[in-house]
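This report concerns only the one structure given below.
If you're wondering where the values come from, they're calculated on a predicted model, not measured in any experiment.
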Amino acid sequence: MALGFAIGVFGVLILFHAAYSTIQYRGLLKITEEEFSGPPFNVVIELSLGLVLCMWAALTVPGKFLSIHPDSEENRIVSLPANLDFMIFNHRGKVFPVEMDLKLKH
């Protein structure tokens, strides 16, 4: 995990360097009064390398996925509080009336 994290930090540093290089290049173009048509090729290569490194780190650093199946042995036990009277559920269902006496028309 430490290797993946270090590669992710290195990828972010490469992205920052590419951004700095682009800003520096645009400043140089303003001095020479030329039109900006796009970043240089080395900046595009830096961006793609930084993107690949950051994506690789994002996929490897979090660890292994855990099962969400209810009958799985890997699930941890979740306990509810002893007094269930004070459980609060905030959801969109509270905007509807509590009792709906709607009957289907036949």
query: Taking the side chain as C-beta and beyond, is there a heavy-atom pair between Gln24 and Leu28 under 4.5 Å?
result: no
task: Inspect the surroundings of CZ in Phe41 and state if more than 12 heavy atoms from other residues, nucleotides or ligands are less than 6.0 Å away.
output: no
field: Any pair counted as side chain to side chain donor-acceptor pair (under 3.5 Å), so long as it reaches residues 25-45, sequence neighbours left out
entry: none
message: Once rounded to the nearest 0.5 Å, what's the spacing between atom SG of Cys54 and atom CG of Leu59?
response: 11.0 Å
Run the side-chain donor-acceptor check on residues 5-22: report pairs under 3.5 Å with partners two or more places apart or on a different chain.
residue : atom : partner : partner atom : Å
His17   : ND1  : Glu46   : OE1          : 2.9
His17   : ND1  : Glu46   : OE2          : 3.3
Ser21   : OG   : His17   : O            : 2.9
Thr22   : OG1  : Ala18   : O            : 2.9

